[in-house]
Amino acid sequence: MFHFIEKKISDRVAELVRAQFGADATVALEQPKQPSFGELAIPVAFHLARQLKKAPKAIAAEIVAALGPLEGVSALEVAGNGYINVRLDRGAYGLGVLRGGGESLPQDSGKIIVEHTNINPNKAAHIGHLRNAVLGDTFVRMLRANGRTVEVQNYIDNTGVQVADVVAAFHYLEQKSAADVEKLLNDPAVRFDYYCWDLYARVSSYFNEHPEALEWRHQTLHAIESGTGELAQLATTIADAIVEYHLKTMDRLGIHYDVLPRESEILHLKFWETAFEQLKQRQAIYFETEGKNKGCWVMPASAFKEQTNEDTEDSKVIVRSNGTVTYVGKDIAYQLWKFGLLGKDFYYRPWKTVYITSAHPQPEGGGPHFGGAESVYNVIDSRQSYLQDVVVAGLRALGYNQQADRSIHFSYEMVVLSPGTAVELGFELSEEDKKRPHIEVSGRKGLGVKADDLIDKLIEKALEEVDSRHPEAPADERRQVATQIAIGALRYFMLKYTRNSVIAFDFQEALSFEGETGPYVQYAAVRARNILRKLAERGQALPDFAHELNQAAFARQLAAEDFWQMLLIASKADSAIDRAVVSGEPAHVARYAFQLAQAYNNFYHGYPVLTEESPEKRTFLLWMTGYFGAQLERTLGVLGIAVPEYM
RNA sequence: GCGCCCGUAGCUCAGCUGGAUAGAGCGAUUGGCUUCGAACCAAUAGGCCGGGGGUUCGAGUCCCUCCGGGCGCGCCA
């Protein structure tokens, strides 16, 4: 509702400013510093002051005079040095909310692809991957809540070095056959992704000590690329198994995908070759004949760097002198496909719970269509921004400027461990590491907190609490509630930080259920439900709000400043989500959820609903309870957090 | 060396395209359960917004510079 009014006023003022002053000022609305100033502040007079060479205060007064009465607005006041403060008509506003006025505004504008998770299928997922997946998934939910059409992709690099290393480790280091690995996979006593986690760390350190063993990697990569032989078979088995583990881990967090595009298909369907032709034709890349990049196809640095000293040394190699393509090259091809610009498509088949790409036509034919989006968000950590710039430059060099503008690197900072946490996990730190403010999570070193371990730990902690509060409840139900709380805590923890803030992971903070946490918000939602449940238990029916609450009743009840402020906050969900979408910042939604919960907890504490004696007030309080509850649940839904039956 | 990010309360972080008196949570101190269950609420203390210049009617926010920290800059992905 708030968002609706906001837009209406903003549009109206912008129109007037154009007509009255012939100026094109952006009419952004602000929240007044103090609630007593009103509900909205329009600072437009300040922006006009410079152009018109007039005092802001005078301009503001002119605008107010020209504006006349506005629907839903009870007063416009010039305040401070030139603010226009807006006071809303409380009765009309309350009634508008009750009638569901302007809640959702459908605004579809073409398909948006969001790619996230993208974990190398060679080991278990860790907290760094969790941040990626939770950010991506929440952004998807935000977009959908905003009325957009979204396709979720999780890219699987099943033919890369990381997979090859684990394959080599099984084959050369452990001397295991494909049958042995198969046996290991089916052994219920073995967590295969955890096994690979250790194995990957082991082989990485082995490579460090025995550089000559790197030949294993080359052999394996070669075998994987040819797609035949035992090593290739082993790679497929391992990568598929690990991907399945990742899907299960993410499923615990409520994270799902539409399609899993795989590197192997990009290879076999020759996506790169097609892109290569385009790049050569448009002269986006050139064949280097001298210098250190001699014999390579390179992209000139001027394509992706702001300023360049024309030094060819800065160019980015796309095709190596041995004829193989780099990761960035493949990524350009993949990005072209996402926009439907490659002129090629994958084949798809259902696999587990999603669609996965295939190199061969499927018997049923038809099938789903993926890719061909209008804009693309790649959720990738900020360390890869340089490479993402190169990919975008590739699109631009091909003349796809619009698509380049709509290729968004949805970047975020990494998750690191405090030295204390690293020690707690049983890692031995070098003297150098101990001095550092934090330690980078490293799959190669096997240094990190595994996603499933953290989830399990959170569930156990939540379960202790649930057990002591609800000993009478069935055990499986208690576990269900504890799981929802644990996931709520984890998702919120990953979302409360803005994207470009480094998260220094700390168990104590992550395991907290109090204060600014997911469970705090869940608790508020549960409390609202409890009141309504209690009402039903007493055999009382919910009033017919539309019938019993008219504008005058709302005006009377909302005259109380407390109620008015509470209703305002509760009605700002759309506004908060929209702002978060525009700024690409899921943390804004998390923050709003917390503020909403705070407001509700105040309401809950200050105004006993069921014992209220005044009939009108009681009806109003019940309505507020329902509305708060609905807004809390909706916001939590956008955050991917469930509301437990009880807490 | 070049590029990007960060520096705000003891700790962890917000602060929307520059706007009115800089905010939360945790921790600390104090108070509140008579079940709409306290995973809560209330109150108090705590700040040269890293330093210095500048732009502006107005700067935590923009520009320059310095200091401190992180991350990139491969014919790895």
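By convention in this document, chain letters (A, B, ...) are assigned in the order of the sequence lines, proteins followed by strands, and residues within each chain are numbered from 1. Only this structure's heavy atoms are used, side chains among them; waters, hydrogens and symmetry mates stay out. Computed from a predicted structure; not experimentally measured.
- Here the side chains of A:Val325 and A:Trp297 are not in contact, with every heavy-atom distance at 4.5 Å or above.
- In this entry the distance linking OH of A:Tyr200 with P of B:A77 reads 13 Å, nearest Å.
- When each of B:U21, B:G32, B:A20 is scored by its nearest atom to the side-chain atoms of A:His605, the top-ranked nucleotide is B:G32.
- Residues forming a side chain to side chain contact (heavy atoms under 4.5 Å, CB included) with A:Glu440 (at least two apart in sequence, or on another chain): A:Arg383, A:Met414.
- Side-chain proximity of A:Val161 to the nucleotides B:A77, B:C36, B:C71 is greatest for B:A77.
- Two residues are said to be in side-chain contact when any heavy atoms from C-beta on lie closer than 4.5 Å; A:Phe493 and A:Leu458 fail this criterion.
- Considering only residues two or more places apart in sequence or on other chains, A:Tyr604 meets the side chain to side chain donor-acceptor pair (under 3.5 Å) condition with none of them.
- For B:A24, its base never sits under 3.5 Å from the side chain of A:Arg591 at any donor and acceptor pair.
- Aromatic stacking of A:Tyr386 on B:C4: not satisfied for centres closer than 5.5 Å together with planes under 30 degrees.
- Across every strand in view, B:G25 sits in a pair with B:C11 that passes the Watson-Crick or G-U test at under 3.5 angstrom.
- Comparing atom distances between the A:Ile485 side chain and each of B:C41, B:A77, B:A39 picks out B:A39 as nearest.
- Within 4.0 Å of A:Lys294, counting heavy atoms only, lies at least one base atom of the nucleic acid.
- In this model, the phosphate group of B:C40 is not approached by any side-chain N or O of A:Asn602 to a distance below 4.0 Å at OP1 or OP2.
- With distances taken from any side-chain atom of A:Tyr497 to the nucleotides B:C13, B:A39, B:C75, the minimum falls on B:C13.
- Going from atom CZ of A:Phe46 over to atom C1' of B:A20 covers 8 Å, rounded to whole Å.
- Taking atom P in both B:A42 and B:G25, one finds a spacing of 8 Å when rounded to whole Å.
- Between A:Arg527 and B:A38 there is a side-chain N or O to OP1 or OP2 distance below 4.0 Å.
- Residue pairs meeting the salt bridge (Lys or Arg N to Asp or Glu O under 4.0 Å) criterion with at least one partner in residues 588-613 of chain A, sequence neighbours excluded, are A:Glu516-A:Arg591.
- Here the side chain of A:Thr326 is nearest to one of B:C75, B:C71, B:A39, namely B:C75.
- We find that OH of A:Tyr600 is positioned 12 Å from P of B:C36, with the value rounded to whole Å.
- Of the C1' atoms belonging to B:C48 and B:G7, the separation is 15 Å, rounded to the nearest Å.
- For A:Asn208, the side chain to side chain contact (heavy atoms under 4.5 Å, CB included) criterion is met by no residue, not counting sequence neighbours.
- In this structure, of B:C40, B:C71, B:C36, it is B:C40 that holds the atom nearest to the side chain of A:Tyr523.
- Using a 4.0 Å cut-off, some side-chain N or O of A:Tyr520 falls inside it from OP1 or OP2 of B:C41.
- Whole-Å rounding puts the A:Asn500 CG to B:G69 P distance at 20 Å.
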Between N or O atoms, less than 3.5 Å apart, protein on one side and nucleotides 25-28 of chain B on the other: list the pairs.
from  : atom 1 : to       : atom 2 : distance (Å)
B:G25 : OP1    : A:Gln598 : NE2    : 3.3
B:G25 : O2'    : A:Glu516 : N      : 3.3

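- For B:G3, the paired nucleotide is B:C71, the pair qualifying as Watson-Crick or G-U wobble because both relevant distances are below 3.5 Å.
- Distance noted for atom C1' between B:C11 and B:G51: 23 Å (whole Å).
- Nucleotides B:A9 and B:G47 are separated by 10 Å at their P atoms, to the nearest Å.
- The gap from the C1' atom of B:A43 to that of B:U65 amounts to 45 Å, rounded to the nearest Å.
- With hydrogens and angles left out, the side-chain atoms of A:Tyr200 and A:Asp165 include no donor and acceptor closer than 3.5 Å.
- Between A:Arg469 and the phosphate of B:G37, there is no side-chain N or O to OP1/OP2 separation shorter than 4.0 Å.
- Ring stacking holds between A:Phe37 and B:A20, with the centres under 5.5 Å apart and the planes within 30 degrees of each other.
- Within 3.5 Å, a donor on the side chain of A:Asn85 pairs with an acceptor on the base of B:A20, or the reverse.
- A search for salt bridge (Lys or Arg N to Asp or Glu O under 4.0 Å) contacts involving A:Glu225 returns nothing, not counting sequence neighbours.
- If you check distances only, the side chain of A:Ser321 does reach the base of B:C75 with a donor-acceptor pair under 3.5 Å.
- Between A:Lys33 and B:A20, a side-chain N or O to OP1/OP2 separation shorter than 4.0 Å is present.
- Between A:Ile503 and A:Val416, the closest side-chain pair of non-hydrogen atoms is not below 4.5 Å.
- Ring centers of A:Phe620 and A:Phe563: under 6.0 Å apart, within the cut-off.
- Here B:A45 sits opposite no nucleotide as a Watson-Crick or G-U wobble pair (both hydrogen-bonding atom distances under 3.5 Å).
- Taking the P atoms as reference points, B:C62 lies 12 Å from B:G15, given to the whole Å.
- Under 4.0 angstrom from either OP1 or OP2 of B:A77 there lies at least one side-chain N or O belonging to A:Arg320.
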